[in-house]
J.: 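Handing you a structure now.
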Amino acid sequence: MSDPSTDIAKVLVSEEEIRRRVGELAAQVQSDFAGCDLVVVGLLTGTLMFLADIVREIDLPLRLDFIGVSSYRDGTESRELVFTKELKLDVAGRDVLLVDDILDTGKTLRAVIDKLEGMAPRQVRTCVLLSKKARREYEIPADYVGFEIPDEFVVGYGLDYAEKYRNLPHIGVLKKMAVSGEL
Ligand code: IMP
Ligand code: MG
C-alpha cells in the first residue's frame, strides 16, 4: 500500500488547528456541564481520535460509552442505518454529550438523538468536530461544532474513505484519483 498522505490533495485542517480547537471545545463543555452527571457517548468508529483528545481535556467526572451505527448505501442516495453497538450505560436522568466526527446530512445524528431521547436522559447535547452545512437535510441542534467545512469529502483524524486514512493526523481532501466509484 502506498503512503496514505500522498493520496491527499490538500490539508483542510492541520494537526495544530485541531489541537487548538479541541481545547476550546473542551473548555466550553467543561463549563456547561459542571455539576452535571455527564455521560459522553461517542459514535463508532470515526470519532475515535476526537473523542480520545477531547475527553482528556475535560476536567470533570464523567462516564464514557459508545454507540455503533453504520449506514449502508444501496447504490442510490438512500441509506439504511443499522445499529451495530448499543449503549451499555443507563443514561436515564443523566446529562449526555453525544460526540460524532462529522455532521453531514444529519440523518445519523437524528436517529441517534431520537434513540437517546427515548432513554429519558436529563438532557442531550451534541458535539461534532466537523459540519458540512450545505448538505443538511435534518434539523440537528449541534451545540458544539469544531469547524464548518465546505461540501468536500474529507478523511483523516478518524474519518475514513472505504475504511482507510483514519490514521492521518490532519484532516484532508482526497485526490480525485484516490476515489473510485461512488462516495
Ligand atoms: P449523515 O448521516 O449524512 O450526517 O452522515 C454522517 C456520517 O457520514 C458521519 O458520521 C461519517 O461517518 C460519514 N461522512 C459524512 N461525510 C463524510 C466525509 O466527508 N468523510 C468521511 N465520512 C463522512
Ligand atoms: Mg461516522
Side-chain angles (χ1 to χ4, degrees), residues 4-15 17-18 21-22 25 40-55 64-87 96-118 124-183:
S5 59
T6 60
D7 293 349
I8 299 298
K10 66 169 186 259
V11 173
L12 213 57
V13 192
S14 71
E15 256 185 287
E17 288 171 308
I18 294 171
R21 189 70 184 120
V22 168
L25 291 174
V40 176
V41 175
L43 294 194
L44 299 172
T45 306
T47 195
L48 175 77
M49 315 281 177
F50 178 42
L51 193 70
D53 285 343
I54 196 166
V55 291
L64 193 54
D65 204 351
F66 296 92
I67 288 181
V69 55
S70 288
S71 54
Y72 295 100
R73 291 179 192 246
D74 61 6
T76 70
E77 268 300 294
S78 76
R79 296 176 302 160
E80 195 195 339
L81 290 181
V82 178
F83 284 90
T84 56
K85 153 104 180 58
E86 301 290 339
L87 266 193
V96 176
L97 180 67
L98 176 59
V99 179
D100 200 9
D101 50 4
I102 185 165
L103 178 50
D104 187 25
T105 65
K107 182 173 183 166
T108 307
L109 278 183
R110 185 71 269 155
V112 176
I113 292 169
D114 290 348
K115 188 181 177 77
L116 287 167
E117 296 283 8
V124 178
R125 291 204 200 188
T126 306
C127 174
V128 292
L129 179 65
L130 305 172
S131 162
K132 289 189 220 173
K133 225 177 211 149
R135 302 243 320 154
R136 204 81 79 249
E137 290 172 26
Y138 297 78
E139 192 63 38
I140 300 291
D143 302 291
Y144 310 93
V145 177
F147 301 93
E148 284 291 347
I149 62 166
D151 182 9
E152 290 189 274
F153 197 83
V154 293
V155 296
Y157 194 64
L159 290 133
D160 74 305
Y161 170 64
E163 295 301 329
K164 294 193 294 183
Y165 309 106
R166 292 194 197 274
N167 59 325
L168 293 176
H170 46 247
I171 292 160
V173 178
L174 273 183
K175 283 178 187 164
K176 288 271 183 290
M177 55 179 288
V179 181
S180 52
E182 196 199 349
L183 278 177

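Numbering of ligands and ligand atoms starts at 1, following listing order. Note that the coordinates shown come from a computational prediction; the quantities given were computed from them, not determined experimentally. Side chains included, hydrogens not; waters and symmetry mates left out as well; all remaining heavy atoms used.
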J.: Would a 4.5 Å heavy-atom cut-off, applied to side chains only, mark R110 and T105 as touching?
T.: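 Side-chain contact under 4.5 Å: no.
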J.: Minimum distance, heavy atoms only, to atom 7 (C) of ligand 1: which one of T108, L12, V69 is it?
T.: T108
J.: Heavy-atom contact under 4.0 Å between R110 and ligand 1?
T.: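 R110 does not count as a contact of ligand 1 under the 4.0 Å cut-off.
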J.: NZ of K175: more than 12 outside heavy atoms within 6.0 angstrom?
T.: yes
J.: Please work out, at 4.0 Å between heavy atoms, whether the side chain, the backbone, both, or neither of D101 comes within that distance of ligand 1.
T.: side chain
J.: Could you name the option among D104, T105, I102 that has the heavy atom nearest to atom 13 (C) of ligand 1?
T.: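 Looking at heavy atoms only, I102 sits closest to atom 13 (C) of ligand 1.
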J.: For a side-chain contact (heavy atoms from CB on, under 4.5 Å) check, start with the C-alpha distance between L97 and Y144, then their side-chain angles and the critical distance, and finish with the verdict.
T.: CA-CA 10 Å; L97 180 67; Y144 310 93; 3.8 Å; yes
J.: Give the atom numbers and elements of ligand 1 that come within less than 4.0 Å of a heavy atom of K132.
T.: 16 (N), 17 (C), 18 (C), 19 (O)
J.: Give the numbers and elements of all ligand 1 atoms closer than 4.0 Å to a heavy atom of G106.
T.: 1 (P), 3 (O), 4 (O)
J.: Please determine whether salt bridge (charged side-chain N to carboxylate O under 4.0 Å, His left out) holds for the pair D53 and R21, giving the CA-CA distance in whole Å, both sets of side-chain angles, and the decisive distance to 0.1 Å.
T.: CA-CA 11 Å; D53 285 343; R21 189 70 184 120; over 6 Å; no
J.: What do you reckon, does G46 put a non-hydrogen atom under 4.0 Å from ligand 1?
T.: no
J.: In Å and rounded to the nearest 0.5 Å, what is the CD1 to SG distance from I54 to C127?
T.: 4.0 Å
J.: Taking all non-hydrogen atoms of both residues into account, name the closest pair between D65 and K85 and its distance.
T.: OD1-NZ, 3.7 Å
J.: If you measure every N or O of L103 against every N or O of ligand 1, does any of those distances drop under 3.5 Å?
T.: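 Between L103 and ligand 1 (N or O atoms, distance only) the closest approach is not under 3.5 Å.
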J.: Looking at every heavy atom in both F83 and V112, which two are closest together, and how far apart are they?
T.: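 Scanning both residues, the minimum pair turns out to be CE2-CG2, 4.0 Å.
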J.: Nearest 0.5 Å please: distance from the CD atom of E139 over to the CD1 atom of I113.
T.: 10.5 Å
J.: Please determine whether any non-hydrogen atom of D160 lies less than 4.0 Å from an atom of ligand 1.
T.: yes
J.: Between R125 (side chain) and L98 (backbone), is there a donor-acceptor pair under 3.5 Å?
T.: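 Absent.
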J.: Please work out whether any backbone atom (N, CA, C, O) or any side-chain heavy atom from C-beta onward of V154 is under 4.0 Å from ligand 1, and answer side chain, backbone, both or neither.
T.: both
J.: So is V155 in contact with ligand 1, going by heavy-atom distances below 4.0 Å?
T.: no
J.: Do any heavy atoms of E152 fall under 4.0 Å from ligand 1?
T.: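 Yes; E152 lies near enough to ligand 1 that a heavy-atom distance drops under 4.0 Å.
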J.: So which bit of D100 gets within less than 4.0 Å of ligand 1, heavy atoms only: side chain, backbone, both or neither?
T.: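 The answer is the side chain.
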